[in-house]
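The block underneath contains the structure these notes are about, expressed in C-alpha coordinates.
Both ligands and their constituent atoms are indexed starting at 1 by order of listing. Because only heavy atoms are used, hydrogens play no part in the values below, and waters and symmetry mates are left out as well, while side chains stay in.
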Amino acid sequence: MTTISTDHLSPVWSHLTTIQPVRGHGIYLYDADGKRYIDFTSGIGVTNTGHCHPHVVNAIQEQAANLIQGQINVVISPSAIELSNLLNEVTPPHIDSFFFSNSGAEATEGAVKLARAATKRPNVIVFQGSFHGRTAQTMAMTTSKTIYRAGYQPLPAGVFVAPFPYSYYYGWDGDTTSAYCLEQFELLLKSQTAPFETAAVVIEPVLGEGGYVPAPTRFLRELHALCRKHDILFIADEVQSGFGRTGKLFCFEHAGITPDIIIMAKGLGSGMPISCVGASHELMSRWPVGSHGGTYGGGALAAAAAVATIQVMRDEDLPGNAEEQGEHLVLGLKRLQSKFSVLGDVRGRGLMIGCEFTRNGQPDASAASAVQKACLERHLLLLTCGTYGNVIRWIPPLVVNEAQIDEALHIFGEALAVVEGQSVVA
Ligand SMILES: Cc1ncc(COP(=O)(O)O)c(C=O)c1O
(Lines give C-alpha, C1' and ligand atoms only; values in the text may rest on other atoms or scores of the structure.)
Protein backbone atom coordinates (compact mmCIF):
# COMPACT_ATOMS: atom_id res chain seq x y z
CA MET A 1 0.00 0.00 0.00
CA THR A 2 1.41 3.42 -0.96
CA THR A 3 1.21 5.62 2.13
CA ILE A 4 2.91 8.78 3.34
CA SER A 5 4.12 9.19 6.95
CA THR A 6 1.61 10.94 9.21
CA ASP A 7 4.10 11.63 12.04
CA HIS A 8 3.48 15.36 11.96
CA LEU A 9 -0.30 15.31 12.10
CA SER A 10 -1.64 16.06 15.58
CA PRO A 11 -2.63 12.87 17.38
CA VAL A 12 -5.78 14.60 18.68
CA TRP A 13 -7.66 13.49 15.57
CA SER A 14 -9.37 10.11 15.79
CA HIS A 15 -9.23 8.16 12.52
CA LEU A 16 -11.69 5.60 11.20
CA THR A 17 -9.13 4.33 8.66
CA THR A 18 -5.57 4.91 7.47
CA ILE A 19 -6.72 5.19 3.84
CA GLN A 20 -5.00 8.05 2.01
CA PRO A 21 -7.32 8.84 -0.90
CA VAL A 22 -5.97 10.80 -3.84
CA ARG A 23 -9.23 11.02 -5.78
CA GLY A 24 -12.96 11.02 -5.14
CA HIS A 25 -15.78 10.53 -7.60
CA GLY A 26 -19.47 10.17 -6.73
CA ILE A 27 -19.78 7.64 -3.90
CA TYR A 28 -16.20 6.39 -4.34
CA LEU A 29 -12.76 7.24 -2.96
CA TYR A 30 -9.57 5.93 -4.62
CA ASP A 31 -6.10 5.59 -3.09
CA ALA A 32 -2.76 6.02 -4.86
CA ASP A 33 -2.75 2.33 -5.82
CA GLY A 34 -6.17 2.73 -7.48
CA LYS A 35 -8.00 0.80 -4.75
CA ARG A 36 -11.68 1.78 -4.64
CA TYR A 37 -13.66 2.41 -1.47
CA ILE A 38 -17.41 2.91 -1.19
CA ASP A 39 -17.78 6.04 0.94
CA PHE A 40 -21.06 5.74 2.82
CA THR A 41 -19.85 8.34 5.34
CA SER A 42 -20.00 11.26 2.87
CA GLY A 43 -17.13 12.78 4.86
CA ILE A 44 -19.55 12.90 7.82
CA GLY A 45 -22.53 14.18 5.90
CA VAL A 46 -20.72 16.68 3.68
CA THR A 47 -20.49 15.31 0.14
CA ASN A 48 -24.24 15.14 -0.47
CA THR A 49 -23.64 15.93 -4.16
CA GLY A 50 -21.03 13.15 -4.31
CA HIS A 51 -17.27 13.55 -4.34
CA CYS A 52 -16.18 16.14 -6.90
CA HIS A 53 -19.49 16.73 -8.67
CA PRO A 54 -18.48 18.26 -12.04
CA HIS A 55 -20.78 21.28 -11.67
CA VAL A 56 -19.34 22.08 -8.22
CA VAL A 57 -15.75 21.48 -9.42
CA ASN A 58 -16.31 23.82 -12.40
CA ALA A 59 -17.76 26.52 -10.16
CA ILE A 60 -14.79 26.27 -7.77
CA GLN A 61 -12.25 26.30 -10.60
CA GLU A 62 -13.84 29.29 -12.29
CA GLN A 63 -14.20 31.24 -9.03
CA ALA A 64 -10.63 30.40 -7.93
CA ALA A 65 -9.27 31.75 -11.20
CA ASN A 66 -11.08 35.06 -10.65
CA LEU A 67 -11.42 35.89 -6.95
CA ILE A 68 -10.73 33.61 -3.98
CA GLN A 69 -11.61 35.67 -0.92
CA GLY A 70 -13.45 38.99 -1.22
CA GLN A 71 -13.50 39.67 2.55
CA ILE A 72 -17.07 40.57 3.42
CA ASN A 73 -16.27 43.43 5.85
CA VAL A 74 -14.11 45.03 3.19
CA VAL A 75 -16.01 44.25 -0.04
CA ILE A 76 -19.04 42.12 -0.92
CA SER A 77 -18.36 39.34 -3.40
CA PRO A 78 -21.05 38.67 -6.03
CA SER A 79 -21.00 34.97 -5.16
CA ALA A 80 -21.89 35.71 -1.50
CA ILE A 81 -24.80 37.85 -2.74
CA GLU A 82 -25.88 35.14 -5.18
CA LEU A 83 -25.77 32.56 -2.40
CA SER A 84 -27.93 34.69 -0.10
CA ASN A 85 -30.46 35.14 -2.94
CA LEU A 86 -30.54 31.42 -3.68
CA LEU A 87 -30.96 30.53 0.02
CA ASN A 88 -33.79 33.04 0.17
CA GLU A 89 -35.53 31.06 -2.59
CA VAL A 90 -35.10 27.62 -1.03
CA THR A 91 -35.83 28.40 2.64
CA PRO A 92 -39.28 29.26 4.11
CA PRO A 93 -40.48 32.77 3.10
CA HIS A 94 -39.79 34.44 6.47
CA ILE A 95 -36.16 33.22 6.49
CA ASP A 96 -34.72 35.94 4.29
CA SER A 97 -31.41 36.99 5.85
CA PHE A 98 -28.22 34.91 5.92
CA PHE A 99 -24.96 35.09 7.85
CA PHE A 100 -22.02 33.00 6.62
CA SER A 101 -19.22 31.34 8.59
CA ASN A 102 -17.01 28.29 8.16
CA SER A 103 -18.07 25.35 10.34
CA GLY A 104 -21.17 23.91 11.99
CA ALA A 105 -19.93 24.84 15.45
CA GLU A 106 -19.29 28.41 14.35
CA ALA A 107 -22.79 28.72 12.91
CA THR A 108 -24.28 27.25 16.09
CA GLU A 109 -22.34 29.77 18.17
CA GLY A 110 -23.61 32.49 15.84
CA ALA A 111 -27.22 31.32 16.15
CA VAL A 112 -27.01 31.35 19.97
CA LYS A 113 -25.42 34.81 19.96
CA LEU A 114 -28.17 36.05 17.63
CA ALA A 115 -30.90 34.54 19.86
CA ARG A 116 -29.39 36.10 22.99
CA ALA A 117 -28.90 39.49 21.34
CA ALA A 118 -32.37 39.53 19.78
CA THR A 119 -34.33 38.40 22.87
CA LYS A 120 -32.05 39.83 25.59
CA ARG A 121 -32.55 36.48 27.36
CA PRO A 122 -29.51 34.48 28.53
CA ASN A 123 -30.43 30.77 28.43
CA VAL A 124 -30.80 28.09 25.78
CA ILE A 125 -32.37 24.63 25.96
CA VAL A 126 -30.80 21.71 24.12
CA PHE A 127 -31.70 18.01 24.03
CA GLN A 128 -30.13 14.94 25.55
CA GLY A 129 -27.75 13.27 23.09
CA SER A 130 -27.28 16.36 20.91
CA PHE A 131 -24.07 17.20 19.12
CA HIS A 132 -23.54 20.84 18.23
CA GLY A 133 -19.75 21.10 17.96
CA ARG A 134 -16.48 21.29 19.83
CA THR A 135 -15.96 25.00 20.57
CA ALA A 136 -16.57 26.16 24.16
CA GLN A 137 -20.20 27.22 23.66
CA THR A 138 -21.06 24.19 21.54
CA MET A 139 -19.28 21.77 23.92
CA ALA A 140 -21.60 23.11 26.61
CA MET A 141 -24.54 22.28 24.31
CA THR A 142 -23.28 18.81 23.39
CA THR A 143 -24.36 15.78 25.43
CA SER A 144 -23.90 12.93 22.95
CA LYS A 145 -20.74 11.64 24.68
CA THR A 146 -18.54 12.83 27.56
CA ILE A 147 -15.42 12.63 25.33
CA TYR A 148 -16.51 15.97 23.82
CA ARG A 149 -16.64 17.70 27.23
CA ALA A 150 -14.53 15.83 29.78
CA GLY A 151 -11.47 17.81 30.81
CA TYR A 152 -12.80 21.13 29.53
CA GLN A 153 -15.04 22.21 32.41
CA PRO A 154 -16.15 24.74 33.38
CA LEU A 155 -18.07 25.31 30.18
CA PRO A 156 -20.21 28.38 29.42
CA ALA A 157 -23.30 28.54 31.63
CA GLY A 158 -26.93 29.06 30.64
CA VAL A 159 -27.42 25.73 28.85
CA PHE A 160 -30.24 23.42 29.99
CA VAL A 161 -30.81 19.88 28.76
CA ALA A 162 -34.27 18.41 28.05
CA PRO A 163 -34.90 14.76 27.12
CA PHE A 164 -34.94 13.89 23.40
CA PRO A 165 -37.86 11.72 22.20
CA TYR A 166 -35.76 8.59 21.63
CA SER A 167 -38.51 5.97 21.51
CA TYR A 168 -36.28 2.91 21.15
CA TYR A 169 -34.23 3.96 24.19
CA TYR A 170 -37.34 4.45 26.34
CA GLY A 171 -39.01 1.34 24.92
CA TRP A 172 -42.23 3.29 24.19
CA ASP A 173 -44.13 4.22 21.05
CA GLY A 174 -43.58 7.62 19.43
CA ASP A 175 -46.66 9.24 20.95
CA THR A 176 -45.94 8.10 24.52
CA THR A 177 -42.31 9.19 24.21
CA SER A 178 -43.31 12.56 22.74
CA ALA A 179 -45.86 13.18 25.53
CA TYR A 180 -43.28 12.34 28.23
CA CYS A 181 -40.57 14.53 26.68
CA LEU A 182 -42.93 17.48 26.21
CA GLU A 183 -44.02 17.18 29.83
CA GLN A 184 -40.34 17.17 30.89
CA PHE A 185 -39.69 20.20 28.69
CA GLU A 186 -42.49 22.10 30.43
CA LEU A 187 -41.13 20.97 33.79
CA LEU A 188 -37.75 22.43 32.82
CA LEU A 189 -39.44 25.77 32.09
CA LYS A 190 -41.10 25.62 35.53
CA SER A 191 -38.12 24.41 37.53
CA GLN A 192 -34.82 25.43 35.93
CA THR A 193 -35.05 28.11 33.25
CA ALA A 194 -38.11 30.38 33.22
CA PRO A 195 -39.49 31.34 29.79
CA PHE A 196 -38.60 35.01 30.36
CA GLU A 197 -34.90 34.04 30.66
CA THR A 198 -34.94 31.42 27.85
CA ALA A 199 -33.78 32.78 24.49
CA ALA A 200 -34.09 29.65 22.38
CA VAL A 201 -34.36 25.91 22.04
CA VAL A 202 -31.82 24.33 19.71
CA ILE A 203 -32.78 20.96 18.28
CA GLU A 204 -31.49 18.52 15.68
CA PRO A 205 -34.68 17.25 13.95
CA VAL A 206 -32.81 13.96 13.56
CA LEU A 207 -30.40 13.40 16.44
CA GLY A 208 -27.10 12.86 14.59
CA GLU A 209 -24.00 11.92 16.55
CA GLY A 210 -26.39 10.96 19.39
CA GLY A 211 -27.69 7.92 17.47
CA TYR A 212 -29.55 8.85 14.26
CA VAL A 213 -32.94 9.21 15.92
CA PRO A 214 -35.66 11.17 14.09
CA ALA A 215 -37.81 13.29 16.43
CA PRO A 216 -41.48 12.32 15.96
CA THR A 217 -43.51 14.88 13.99
CA ARG A 218 -45.91 15.32 16.93
CA PHE A 219 -43.00 16.22 19.21
CA LEU A 220 -41.56 18.83 16.83
CA ARG A 221 -44.97 20.43 16.25
CA GLU A 222 -45.87 20.65 19.94
CA LEU A 223 -42.39 21.83 20.91
CA HIS A 224 -42.67 24.51 18.24
CA ALA A 225 -46.09 25.55 19.64
CA LEU A 226 -44.68 25.75 23.18
CA CYS A 227 -41.87 27.98 21.91
CA ARG A 228 -44.41 30.25 20.23
CA LYS A 229 -46.48 30.38 23.44
CA HIS A 230 -43.48 31.52 25.49
CA ASP A 231 -41.78 33.69 22.81
CA ILE A 232 -38.81 31.33 22.84
CA LEU A 233 -36.97 31.13 19.51
CA PHE A 234 -37.00 27.74 17.78
CA ILE A 235 -33.60 26.98 16.27
CA ALA A 236 -33.23 23.98 13.93
CA ASP A 237 -29.70 22.61 13.78
CA GLU A 238 -29.80 21.24 10.23
CA VAL A 239 -26.02 20.89 10.01
CA GLN A 240 -26.24 17.14 9.40
CA SER A 241 -29.90 16.67 8.47
CA GLY A 242 -30.01 19.52 5.94
CA PHE A 243 -29.37 19.83 2.22
CA GLY A 244 -31.51 16.99 1.00
CA ARG A 245 -30.27 14.37 3.42
CA THR A 246 -33.68 13.35 4.80
CA GLY A 247 -35.68 13.57 1.55
CA LYS A 248 -36.50 17.29 1.83
CA LEU A 249 -34.05 20.17 1.58
CA PHE A 250 -34.44 20.64 5.36
CA CYS A 251 -35.68 18.02 7.77
CA PHE A 252 -38.05 20.37 9.67
CA GLU A 253 -40.15 20.52 6.47
CA HIS A 254 -41.42 16.97 7.23
CA ALA A 255 -43.12 18.34 10.36
CA GLY A 256 -44.63 21.36 8.56
CA ILE A 257 -43.02 23.78 11.02
CA THR A 258 -40.94 26.87 10.35
CA PRO A 259 -38.01 27.55 12.66
CA ASP A 260 -37.03 31.07 13.64
CA ILE A 261 -33.39 30.29 12.94
CA ILE A 262 -31.83 27.59 10.72
CA ILE A 263 -28.24 26.45 11.23
CA MET A 264 -26.65 25.03 8.07
CA ALA A 265 -23.19 23.64 7.25
CA LYS A 266 -21.77 20.33 5.94
CA GLY A 267 -23.85 19.59 2.78
CA LEU A 268 -24.09 23.29 1.95
CA GLY A 269 -20.60 23.49 0.44
CA SER A 270 -19.98 19.97 -0.94
CA GLY A 271 -16.70 19.97 1.02
CA MET A 272 -15.73 23.65 0.89
CA PRO A 273 -15.85 25.04 4.45
CA ILE A 274 -19.00 27.13 4.68
CA SER A 275 -21.81 27.38 7.21
CA CYS A 276 -24.78 29.66 7.57
CA VAL A 277 -27.27 31.11 10.03
CA GLY A 278 -30.61 31.88 8.38
CA ALA A 279 -33.31 34.00 10.07
CA SER A 280 -35.79 36.76 9.29
CA HIS A 281 -34.42 40.17 8.43
CA GLU A 282 -36.35 41.53 11.41
CA LEU A 283 -34.57 39.15 13.81
CA MET A 284 -31.15 39.72 12.21
CA SER A 285 -31.69 43.48 12.53
CA ARG A 286 -31.72 43.10 16.31
CA TRP A 287 -28.11 41.79 16.17
CA PRO A 288 -25.82 44.77 16.85
CA VAL A 289 -23.73 45.56 13.76
CA GLY A 290 -20.15 44.35 14.18
CA SER A 291 -20.88 42.22 17.26
CA HIS A 292 -20.40 39.07 15.21
CA GLY A 293 -18.36 38.17 12.16
CA GLY A 294 -15.17 36.47 11.02
CA THR A 295 -12.38 36.81 8.50
CA TYR A 296 -13.44 34.08 6.11
CA GLY A 297 -17.25 33.83 6.35
CA GLY A 298 -18.91 34.80 3.07
CA GLY A 299 -15.67 34.40 1.11
CA ALA A 300 -16.13 34.15 -2.64
CA LEU A 301 -14.74 30.64 -3.23
CA ALA A 302 -16.80 28.77 -0.62
CA ALA A 303 -19.90 30.78 -1.58
CA ALA A 304 -19.48 29.79 -5.24
CA ALA A 305 -19.25 26.12 -4.21
CA ALA A 306 -22.44 26.49 -2.16
CA VAL A 307 -24.31 28.17 -5.05
CA ALA A 308 -23.32 25.28 -7.33
CA THR A 309 -24.29 22.75 -4.65
CA ILE A 310 -27.81 24.15 -4.33
CA GLN A 311 -28.15 24.22 -8.13
CA VAL A 312 -27.20 20.51 -8.28
CA MET A 313 -29.65 19.71 -5.47
CA ARG A 314 -32.44 21.37 -7.47
CA ASP A 315 -31.46 20.23 -10.99
CA GLU A 316 -30.92 16.59 -10.03
CA ASP A 317 -33.65 16.48 -7.35
CA LEU A 318 -31.24 15.00 -4.81
CA PRO A 319 -33.79 15.25 -1.97
CA GLY A 320 -36.15 13.13 -4.12
CA ASN A 321 -33.39 10.59 -4.74
CA ALA A 322 -32.59 10.53 -1.01
CA GLU A 323 -36.20 9.68 -0.27
CA GLU A 324 -36.39 6.96 -2.94
CA GLN A 325 -33.05 5.34 -2.18
CA GLY A 326 -33.66 5.70 1.55
CA GLU A 327 -36.83 3.62 1.26
CA HIS A 328 -34.90 0.97 -0.67
CA LEU A 329 -32.10 0.97 1.91
CA VAL A 330 -34.49 0.69 4.87
CA LEU A 331 -36.27 -2.27 3.22
CA GLY A 332 -32.92 -4.03 2.72
CA LEU A 333 -31.84 -3.29 6.30
CA LYS A 334 -35.16 -4.53 7.70
CA ARG A 335 -34.70 -7.76 5.72
CA LEU A 336 -31.31 -8.17 7.40
CA GLN A 337 -32.84 -7.28 10.77
CA SER A 338 -35.20 -10.25 10.43
CA LYS A 339 -32.15 -12.53 10.03
CA PHE A 340 -29.78 -11.00 12.57
CA SER A 341 -31.17 -10.40 16.04
CA VAL A 342 -28.27 -8.08 16.92
CA LEU A 343 -29.92 -5.44 14.69
CA GLY A 344 -32.26 -4.12 17.38
CA ASP A 345 -33.63 -1.10 15.51
CA VAL A 346 -33.55 0.27 11.96
CA ARG A 347 -34.79 3.87 11.72
CA GLY A 348 -34.31 7.12 9.90
CA ARG A 349 -35.51 9.52 7.27
CA GLY A 350 -34.30 9.61 3.67
CA LEU A 351 -30.62 8.72 3.58
CA MET A 352 -30.02 9.40 7.28
CA ILE A 353 -30.53 5.92 8.67
CA GLY A 354 -29.31 4.31 11.88
CA CYS A 355 -28.97 0.61 12.75
CA GLU A 356 -28.88 0.16 16.51
CA PHE A 357 -27.06 -2.95 17.74
CA THR A 358 -28.38 -4.55 20.93
CA ARG A 359 -28.03 -7.89 22.70
CA ASN A 360 -30.51 -8.91 25.39
CA GLY A 361 -31.94 -5.40 25.27
CA GLN A 362 -28.57 -3.79 26.04
CA PRO A 363 -26.43 -1.64 23.71
CA ASP A 364 -23.85 -3.80 21.88
CA ALA A 365 -21.04 -1.47 20.78
CA SER A 366 -18.62 -4.32 20.15
CA ALA A 367 -20.95 -5.92 17.57
CA ALA A 368 -21.42 -2.53 15.84
CA SER A 369 -17.70 -1.95 15.72
CA ALA A 370 -16.94 -5.52 14.54
CA VAL A 371 -19.48 -5.16 11.70
CA GLN A 372 -18.04 -1.73 10.82
CA LYS A 373 -14.53 -3.29 10.69
CA ALA A 374 -15.69 -6.23 8.56
CA CYS A 375 -17.32 -3.73 6.14
CA LEU A 376 -14.12 -1.71 6.02
CA GLU A 377 -12.14 -4.87 5.12
CA ARG A 378 -14.57 -5.17 2.19
CA HIS A 379 -13.96 -1.50 1.26
CA LEU A 380 -17.27 -0.14 2.53
CA LEU A 381 -16.81 2.88 4.81
CA LEU A 382 -19.49 3.29 7.48
CA LEU A 383 -19.47 5.42 10.64
CA THR A 384 -20.86 4.58 14.03
CA CYS A 385 -22.66 6.97 16.40
CA GLY A 386 -24.76 6.94 19.55
CA THR A 387 -23.91 7.63 23.16
CA TYR A 388 -23.04 3.95 23.59
CA GLY A 389 -21.29 3.72 20.19
CA ASN A 390 -23.72 0.97 19.16
CA VAL A 391 -25.35 2.58 16.10
CA ILE A 392 -24.07 2.25 12.53
CA ARG A 393 -25.10 5.25 10.48
CA TRP A 394 -25.95 5.08 6.80
CA ILE A 395 -25.21 8.40 5.23
CA PRO A 396 -24.21 7.88 1.57
CA PRO A 397 -23.87 10.71 -0.93
CA LEU A 398 -27.35 11.60 -2.24
CA VAL A 399 -26.30 10.73 -5.82
CA VAL A 400 -26.22 7.03 -4.84
CA ASN A 401 -28.23 4.62 -7.00
CA GLU A 402 -30.08 1.38 -6.24
CA ALA A 403 -27.33 -0.94 -7.53
CA GLN A 404 -24.77 0.82 -5.29
CA ILE A 405 -27.06 0.48 -2.28
CA ASP A 406 -27.55 -3.21 -3.06
CA GLU A 407 -23.77 -3.70 -3.21
CA ALA A 408 -23.39 -2.01 0.19
CA LEU A 409 -26.25 -4.08 1.64
CA HIS A 410 -24.60 -7.25 0.37
CA ILE A 411 -21.33 -6.30 2.09
CA PHE A 412 -23.19 -5.38 5.29
CA GLY A 413 -25.01 -8.74 5.22
CA GLU A 414 -21.69 -10.58 4.80
CA ALA A 415 -20.20 -8.59 7.68
CA LEU A 416 -23.17 -9.37 9.94
CA ALA A 417 -22.87 -13.06 9.06
CA VAL A 418 -19.15 -13.10 9.84
CA VAL A 419 -19.61 -11.30 13.16
CA GLU A 420 -22.60 -13.42 14.17
CA GLY A 421 -20.74 -16.58 13.16
CA GLN A 422 -23.43 -17.49 10.63
CA SER A 423 -23.08 -18.66 7.07
CA VAL A 424 -26.16 -16.70 5.90
CA VAL A 425 -25.41 -14.02 3.33
CA ALA A 426 -28.09 -11.49 2.36
C1 LIG B 1 -25.92 18.50 14.09
C2 LIG B 1 -24.52 19.06 14.12
N3 LIG B 1 -24.33 20.30 14.56
C4 LIG B 1 -23.12 20.86 14.60
C5 LIG B 1 -22.00 20.16 14.19
C6 LIG B 1 -20.65 20.80 14.25
O7 LIG B 1 -20.16 21.00 12.94
P8 LIG B 1 -18.60 21.22 12.69
O9 LIG B 1 -17.93 19.91 12.95
O10 LIG B 1 -18.52 21.64 11.25
O11 LIG B 1 -18.15 22.28 13.62
C12 LIG B 1 -22.15 18.85 13.72
C13 LIG B 1 -20.98 18.07 13.28
O14 LIG B 1 -21.01 16.87 13.13
C15 LIG B 1 -23.45 18.28 13.69
O16 LIG B 1 -23.65 17.04 13.25
Side-chain angles (χ1 to χ4, degrees), residues 12-16 41-48 99-115 124-145 147-149 152 155 159 161 164 166 200-215 220 234-246 249-252 259 261-278 294 296-297 299 302 305-306 309 348-354 382-387 389 391 393-395:
V12 75
W13 276 303
S14 65
H15 301 281
L16 170 64
T41 75
S42 296
I44 323 189
V46 168
T47 57
N48 289 7
F99 171 86
F100 300 120
S101 46
N102 310 286
S103 67
E106 236 188 301
T108 306
E109 293 247 8
V112 170
K113 281 176 73 175
L114 167 60
V124 293
I125 298 178
V126 295
F127 292 84
Q128 176 57 45
S130 302
F131 183 91
H132 296 290
R134 295 174 173 95
T135 57
Q137 178 65 57
T138 57
M139 272 195 288
M141 298 165 67
T142 290
T143 54
S144 56
K145 289 190 182 93
I147 183 70
Y148 303 122
R149 305 161 59 102
Y152 301 106
L155 294 169
V159 178
V161 185
F164 188 90
Y166 189 162
V201 305
V202 186
I203 187 162
E204 294 167 83
V206 178
L207 202 58
E209 166 66 18
Y212 270 36
V213 189
L220 288 176
F234 186 103
I235 305 181
D237 179 343
E238 292 270 359
V239 168
Q240 194 159 163
S241 57
F243 290 94
R245 173 60 52 196
T246 68
L249 196 62
F250 297 106
C251 186
F252 62 75
I261 301 177
I262 311 173
I263 307 172
M264 310 166 226
K266 291 191 185 277
L268 169 60
S270 292
M272 290 297 287
I274 180 161
S275 60
C276 176
V277 179
Y296 298 111
T309 298
R349 274 192 187 281
L351 285 171
M352 188 165 184
I353 298 165
L382 290 171
L383 287 164
T384 57
C385 62
T387 299
V391 180
R393 51 176 135 175
W394 292 79
I395 186 169

### Task
Evaluate the 4.0 Å heavy atom contact test for atom 16 (O) of ligand 1: does a protein atom fall under the cut-off?
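It does; a protein heavy atom is within 4.0 Å.
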Query raised in the report: Between the side chains of Glu109 and Thr135, is a donor N or O closer than 3.5 angstrom to an acceptor N or O?
Result: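 Indeed, the side chains of Glu109 and Thr135 share at least one donor-acceptor pair under 3.5 Å.
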task: Report the C-alpha distance between Ser270 and Thr309 in whole Å, list the side-chain angles of each, state the deciding distance to 0.1 Å, and finish with yes or no for side chain to side chain donor-acceptor pair (under 3.5 Å).
output: CA-CA 6 Å; Ser270 292; Thr309 298; 2.8 Å; yes
The option among Ile263, Val46, Asp237 carrying the non-hydrogen atom nearest to atom 3 (N) of ligand 1 is Asp237
Shortest protein heavy-atom distance from [atom], along with the residue and atom involved:
atom                    : result
atom 11 (O) of ligand 1 : Ala105 N, 2.8 Å
atom 2 (C) of ligand 1  : Phe131 O, 3.2 Å
atom 4 (C) of ligand 1  : His132 O, 3.3 Å
atom 9 (O) of ligand 1  : Arg134 NH1, 4.5 Å

Per-atom filter on ligand 1: closer than 4.0 angstrom to a heavy atom of Ser103 are 10 (O), 11 (O)
- Tell me, do Leu207 and Ser130 make a side-chain contact under 4.5 Å, heavy atoms counted? yes
Nearest 0.5 angstrom please: Glu204 CD to Asp237 CG, how far?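 Reported to 0.5 Å precision, the distance equals 5.0 Å.
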For the CG atom of Leu351 and the CG atom of Asn48, what is their distance to the nearest 0.5 Å?
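Spacing of CG (Leu351) from CG (Asn48) equals 9.0 Å.
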I want to know if ligand 1 touches [X] in the polar sense, i.e. an N/O pair below 3.5 angstrom.
X      : result
Val239 : no
Lys266 : yes
Gly133 : no
Glu204 : no
Thr108 : no
Gly104 : yes

Q. Should the heavy atoms of other residues, nucleotides or ligands under 6.0 Å from CG of Leu383 be counted, would the total exceed 12?
A.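 Yes, the 6.0 Å shell around CG holds more than 12 heavy atoms from other groups.
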Taking the six-membered ring where the residue is Trp, are the ring centres of Phe250 and Phe252 under 6.0 Å apart?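 Yes, the ring of Phe250 comes within the 6.0 Å limit of the ring of Phe252, centre to centre.
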**Request:** Flag the pair Lys145 and Glu209 as a salt bridge only when some basic side-chain nitrogen lies within less than 4.0 angstrom of an acidic carboxylate oxygen.
**Result:** yes
(message) Does the residue Ile44 have a heavy-atom contact with ligand 1, meaning some pair of atoms that are separated by less than 4.0 Å?
(response)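 Contact absent.
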Test your reading of the model: is there a side-chain donor-acceptor pair from Gln240 to the backbone of Gly45, 3.5 Å cut-off? no
